[in-house]
Colleague: 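Take a look at the following structure, please.
So you know, we letter chains A, B, ... as the sequences are listed, proteins then strands, and number each from 1.
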Amino acid sequence: MNLETIISILQNSWPMFLRGAYMTLAIAVISTIIGAFIGFFIGIMHTIPMKSLSLKTVLLKIGNFLLTCYVEIFRGTPMIVQAMVVFYGLYAYGIELNRFVAALVVVGLNTGAYMAEIVRGGIVSVDKGQYEAAQAIGMNHVQTMIYVVLPQVARNILPATGNQLIMNIKDSAVLSVISVAELFFQTKSVGGANFKYAESFLIASIMYLIMTFTATRLLRVMERRLDGPNAYKVDKESEGQIQ
Amino acid sequence: MTNVIEIKNLSKSFGSHEVLRDVNFSVKKGEVVCLIGSSGSGKSTLLRCVNLLETPSGGNIIYNGENILDSKHNVEQYRTHLGMVFQQFNLFNNLNVIDNCTVGQQKVLKRSKAEAIEKAMKYLEVVGMAQYKNAKPRQLSGGQKQRVAIARALAMDPDVMLFDEPTSALDPEMVGEVLKVMRMLASQGNTMLIVTHEMEFAREVADRIVFMDKGVIVEEGHPDQVLVNPQHERTKEFLKRTLKS
C-alpha cells in the first residue's frame with residue numbers, strides 16, 4: 001500500500017466514490033428525518049393520557065400495541081436482514097422497489113424504531129410543572145404538546161438524533177446486500193476493477209470519517225443556535241421598578 | 001357581594017389516603033383569602049382542586065353559578081378564568097419572557113399578536129419585569145421568574161388569581177419582591193386565593209383567613225380573629241409553632 005496507488009485510484013475512480021458518498025449521505029439524512037417523524041408520532045401516541053374507558057381509548061390501546069410490535073421487531077433484528085426481507089420479500093410479490101426507495105424504507109423504519117423510544121423518554125422527562133402551567137392557562141393536551149412540550153423535547157433529543165444520523169451514515173453500508181449504490185458498494189466495485197481492495201477501502205474510510213465528523217460539527221452548531229445567545233438585551237427604556 | 005367560586009362538600013383521596021374531607025367554602029368577588037395550615041393539611045390540594053389540576057373525588061365546585069364538575073362543562077374554558085401561580089414558577093422553558101405571557105392569550109383566548117403583546121407588556125411593567133422581555137427563564141433569578149409567572153397569569157384577565165405557596169421556593173431576599181407585587185394586586189381589588197406560610201403577609205392582605213388541618217377547614221374568619229384570637233385548639237397550636245420560628 002503506498003500513496004501513489006491511492007492517488008492513482010482517486011484519479012481513475014473519483015466519480016464513483018463521490019457518487020457513493022452522495023448516495024450514502026442522501027440515505028442517511030432523509031431516513032433520519034423520516035425516522036424522526038415516525039419517532040415523534042409513536043412517542044406522542046404512547047404518551048396520550050387515557051382517562052376514561054371509551055371506544056377512543058380502546059382504539060388507542062390497540063394502535064399502541066401494534067406500534068410497540070413494530071418497534072420491537074425493528075430494534076430486535078439486524079438491519080442487513082431487514083433489508084433482505086423488505087426488498088426480496090416485496091420482490092416475491094411482484095413489487096420491485098426502486099433500490100434507493102427500498103433503502104429509505106429500511107433505514108427510515110429502523111431509525112423510527114429507535115427514535116420512538118428516544119422521543120418517549122424526551123416527553124416523559126419534561127417537568128410535570130410545564131404540563132400543569134400549560135393546563136392552568138387553559139391549553140388542551142394538543143396545544144400543550146405543540147407549544148410547550150414538543151419544542152423542549154426536540155431540543156433535548158437533538159444529541160440523540162445526531163447520533164442516529166451518524167449511525168445511519170455508517171450502517172447504510174449494509175444496504176450493499178440489496179445493491180444500493182452507496183459508498184461501500186461503489187468502493188467494492190472500484191476494488192473489484194483494480195484489485196486494490198485495501199487502498200480503495202482506505203479511501204472509503206476517510207470519506208466516511210469526513211462525513212461523520214462534519215455531521216457532528218453541524219449538529220453542535222445547530223444545538224447552539226437553538227439555545228440562543230447566552231446573554232440577553234436588557235431593555236433600558238422600561239423601568240425595572242415594581243409599580 | 002357574590003360568590004365567584006363556591007366549593008361544596010369537596011373531598012379528595014389519593015388511593016385510600018383521604019386528603020380533603022367535606023370541605024365547604026367560597027370566595028367572593030374582590031376578596032383576598034389566605035389558606036394556612038401545616039404541611040400535609042390539604043391546603044395545596046384544595047387550591048389545585050379549584051382549577052382541576054387535581055380531580056376531586058366528590059363534591060361540587062360552582063363557578064358563577066355553574067357546576068364545573070358537570071361532565072358537559074368545558075374544563076379548558078373554565079381554567080382561563082383562573083390565574084395560577086405555582087411554587088416552582090413553571091415558566092415555559094422553551095419560551096422567553098414575553099412569549100411566556102402571550103402564548104396563552106394567542107392560542108387559548110385567540111387574541112391578536114399585537115393585543116397579546118400590549119397586554120403582556122402592561123403586566124410585565126406592573127411586576128417590574130418589562131426590561132427582561134427577551135430573557136429566557138433559565139437566565140432569571142427565582143424572584144424574577146415568579147414575577148413573570150404572575151404577569152403571565154394576569155395577562156389572561158382572570159377572575160380569580162390562585163397562588164400556591166408562591167414564595168416557598170425562593171431565597172429569603174427574593175421573597176420581598178414577590179410579596180410586594182402580591183400586596184399591590186390585593187390592594188387593587190383582585191380576587192385572590194393564596195396558599196401561604198407567610199403569616200405576617202397573610203395578616204396584612206387577607207380579608208379572610210382559612211385554617212386547615214388534616215383535610216378539613218378548622219377555622220375561618222377575619223385575620224385579627226383567626227391569627228390573634230383563635231378559637232380552636234389546633235389553630236392555637238399551629239400558630240404557636242409558626243410564630244415562634
Colleague: Heavy-atom distances under 4.5 Å only: say whether A:Gln143 touches chain B with side chain, backbone, both or neither.
Modeller: side chain
Colleague: Answer with side chain, backbone, both or neither: which region of A:Asp227 has an atom nearer than 4.5 Å to a non-hydrogen atom of chain B?
Modeller: both
Colleague: Please report the interatomic distance OG(B:Ser141) to CE(B:Met174), rounded to the nearest 0.5 Å.
Modeller: 4.0 Å
Colleague: Rounded to the nearest 0.5 Å, how far does OG1 of A:Thr216 lie from CG of A:Leu165?
Modeller: 8.5 Å
Colleague: Using distance alone, with no hydrogens and no angle criterion, decide if A:Thr77 and A:Gln82 have a side-chain donor and acceptor under 3.5 Å apart.
Modeller: yes
Colleague: Less than 3.5 Å apart, any donor N or O on the side chain of B:Asn51 or B:Tyr78 sitting next to an acceptor on the other?
Modeller: no
Colleague: Based on non-hydrogen pairs under 4.5 Å, which of B:Leu53, B:Leu162, B:Thr80 is most in contact with chain A?
Modeller: B:Leu53
Colleague: Between B:Asn93 and chain A, which part of the residue has a heavy atom less than 4.5 Å away: side chain, backbone, both or neither?
Modeller: both
Colleague: Can the ring centroids of A:Phe41 and A:Phe37 be said to lie less than 6.0 angstrom from one another?
Modeller: no
Colleague: Heavy-atom distances under 4.5 Å only: say whether B:Phe92 touches chain A with side chain, backbone, both or neither.
Modeller: both
Colleague: Name the member of B:Gln87, B:Gln88, B:Arg48, B:Lys107 that forms the most heavy-atom pairs with chain A at distances under 4.5 Å.
Modeller: B:Lys107
Colleague: For the candidates A:Val149, A:Asn140, A:Leu226, which exhibits the highest count of non-hydrogen atom pairs separated by less than 4.5 Å from chain B?
Modeller: A:Asn140
Colleague: Let me know if B:Leu91 has heavy atoms under 4.5 Å from chain A in its side chain, its backbone, both or neither.
Modeller: backbone
Colleague: So that I can tick it off, tell me whether B:Glu118 and B:Lys122 are bridged by a salt bridge, with the cut-off set at under 4.0 angstrom between side-chain N and carboxylate O.
Modeller: no
